[in-house]
Amino acid sequence: MGHIQAVIFDLDGVITDTAEYHYLAWKKLADDLGIPMDRSFNERLKGVGRKESLEKILEHGNKQLSEQEKDFYATKKNEHYKTFIQDITPNDLLPGILEFMKEIKESGIQTALASASKNAKPVIRRLEVEQYLDTVVDAAQVENGKPDPEIFLKGADQLSVDPAYCVGVEDAQAGVQAIKAAGMYAVGIGSAKVLTQADWVVQKPTQLSWEELKRRLEM
Ligand code: G6P
Ligand code: MG
């Protein structure tokens with residue numbers, strides 16, 4: 001595809017391991033509700049917004065709740081999650097990701113964050129990575145969650161880059177789908193068996209390099 005101009009990063013599970021905290025917080029809630037939940041089911045929640053994730057869990061457990069109860073449980077999950085993220089520091093960056101972000105910036109490529117999380121801003125602040133991100137799009141700025149491409153398209157738009165010249169980096173199935181639907185090159189972090197639509201899958205961010213990405217894009 002050549003001439004890449006921007007790389008758009010997901011946050012949870014890409015820059016830091018908050019995907020694990022989301023899982024633990026949902027698991028705690030599912031236990032309270034008596035709904036079985038494992039890591040394989042959790043793959044369906046990655047990248048998916050708070051309310052929608054709760055809907056998926058309820059559907060999975062064949063449980064119906066009133067709107068008021070749903071609000072109560074969504075808030076409760078977020079309280080669990082917030083206790084996990086309160087002590088985040090730059091030590092919680094996933095190994096290799098900062099080096100990759102620096103390589104990109106040093107090559108004159110723009111960067112954006114595209115996170116469906118309403119907690120994205122405090123997390124990136126605590127990780128001290130704001131200086132490596134030219135723009136941030138979070139849940140508050142989009143109407144449609146991943147797998148809809150809106151959040152990635154908005155990131156490209158805020159950088160004034162054509163989506164065809166963007167790379168998206170994601171750990172979630174819904175996220176990779178969103179990147180592909182936006183017409184971008186998708187880098188997946190995790191299992192190739194799960195992230196089947198990604199153009200390039202690495203198990204961990206330590207395996208990412210700007211050189212290798214350029215090679216794959218045949219720049
Ligand atoms: C990200 C995570 C999801 C999470 C969503 C909403 O996309 O991958 O696991 O459900 O954000 O996060 P929030 O912090 O707003 O509940
Ligand atoms: Mg993620």
Side-chain angles (χ1 to χ4, degrees), residues 7-30 37-60 70-86 88 92-94 97 100-101 112-127 129 133 136-152 154-155 167-180 182 186-191 194-195 197-198 201-205 208:
V7 180
I8 307 181
F9 292 88
D10 172 46
L11 173 64
D12 301 315
V14 168
I15 294 182
T16 183
D17 205 11
T18 37
E20 180 66 13
Y21 297 156
H22 280 295
Y23 168 67
L24 294 173
W26 282 127
K27 174 82 179 128
K28 200 164 169 180
L29 196 87
M37 192 181 144
D38 58 15
R39 285 180 185 275
S40 134
F41 175 75
N42 187 58
E43 290 301 328
R44 289 194 241 162
L45 304 183
K46 283 187 181 172
V48 174
R50 197 182 305 164
K51 209 66 192 285
E52 237 184 305
S53 298
L54 177 62
E55 299 282 4
K56 283 185 194 256
I57 292 170
L58 294 174
E59 201 187 302
H60 180 64
K70 283 179 197 169
D71 285 343
F72 170 81
Y73 282 108
T75 303
K76 197 164 168 184
K77 182 270 174 177
N78 195 44
E79 278 160 11
H80 294 326
Y81 182 69
K82 285 204 314 212
T83 61
F84 285 124
I85 60 169
Q86 67 189 5
I88 283 183
D92 294 297
L93 283 163
L94 280 171
I97 197 71
F100 183 60
M101 291 172 92
L113 188 81
S115 172
S117 172
K118 293 190 172 122
N119 294 292
K121 289 206 170 121
V123 171
I124 58 166
R125 204 178 313 122
R126 283 172 206 159
L127 291 169
V129 289
L133 295 164
V136 172
V137 192
D138 69 11
Q141 292 163 261
V142 288
E143 276 172 34
N144 307 297
K146 300 168 188 177
D148 190 282
E150 186 181 355
I151 197 162
F152 284 96
K154 189 138 199 173
V167 170
V169 188
E170 264 288 350
D171 68 316
Q173 272 170 356
V176 168
Q177 274 182 315
I179 296 170
K180 292 315 295 174
V187 177
I189 298 191
S191 156
V194 174
L195 306 172
Q197 290 187 44
V201 180
V202 294
Q203 282 172 300
K204 289 174 188 314
L208 292 171

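We count ligands from 1, going down the list as the structure has it; atoms in each ligand are counted the same way.
- Within the 4.0 Å heavy-atom shell around ligand 1 one does not find A139.
- The shortest distance between side-chain heavy atoms of E79 and T75 falls below 4.5 Å.
- Remark: minimum distance from atom 8 (O) of ligand 1 to any protein heavy atom is reached at G47 N, 3.0 Å.
- Atom 1 (C) of ligand 1 has D12 OD2, 3.2 Å as its closest protein atom, hydrogens excluded (heavy atom only).
- At distances below 3.5 Å, at least one donor-acceptor pair connects side-chain atoms of E150 with backbone N or O atoms of N144.
- Each protein N/O/S atom under 2.8 Å from the Mg ion (ligand 2) was counted, for a total of 3.
- With hydrogens and angles disregarded, no donor-acceptor distance shorter than 3.5 Å links the side chain of K118 to the backbone of A140.
- Between I15 and L93 there is a side-chain heavy-atom pair separated by less than 4.5 Å.
- Using a 4.5 Å heavy-atom cutoff, the side chains of F9 and M101 are in contact.
- If you check the side chains of N78 and N119, you find a donor sitting under 3.5 Å from an acceptor.
- The shortest heavy-atom distance from S115 to ligand 1 is not under 4.0 Å.
- H22 CG, 3.5 Å is the protein heavy atom nearest to atom 9 (O) of ligand 1.
- Checking side-chain atoms of E43 against main-chain N and O of S40 turns up no donor-acceptor pair under 3.5 Å.
- Side-chain contact annotation: H22 with K77, donor-acceptor N/O pair under 3.5 Å present.
- Both the backbone and the side chain of N119 come within contact range of ligand 1, each with a heavy atom under 4.0 Å.
- Closest approach of K46 to A174, counting heavy atoms only: O-CB, 3.9 Å.
- Between S117 and ligand 1, at least one N/O pair is under 3.5 Å apart.
- For the residue pair V14 and P205, the shortest heavy atom distance occurs at O-CG, 3.9 Å.
- For F41 against K56, the heavy-atom pair with the smallest separation is CZ-O, 3.6 Å.
- At a 3.5 angstrom cut-off on N or O pairs, Y81 does not count as close to ligand 1.
- For atom 10 (O) of ligand 1, the closest non-hydrogen atom of the protein is V48 O, 2.7 Å.
- Note: an N/O pair closer than 3.5 Å links K118 and ligand 1 by distance alone.
- When each of I189, V202, V176 is checked for a side chain to side chain contact (heavy atoms under 4.5 Å, CB included) with V169, only I189 meets the rule.
- Looking only at heavy atoms of the protein, atom 6 (C) of ligand 1 is closest to A116 O, 3.6 Å.
- Residues R126 and D92 are not in side-chain contact: their nearest non-hydrogen atoms beyond the backbone lie 4.5 Å or more apart.
- Every atom of ligand 1 is numbered from 1 in the order shown, and the set under 4.0 Å from a heavy atom of S53 is 10 (O).
- Atom 16 (O) of ligand 1 has as its closest protein heavy atom R50 NE, 2.7 Å.
- Checking only distances, N78 never comes within under 3.5 Å of ligand 1, N or O to N or O.
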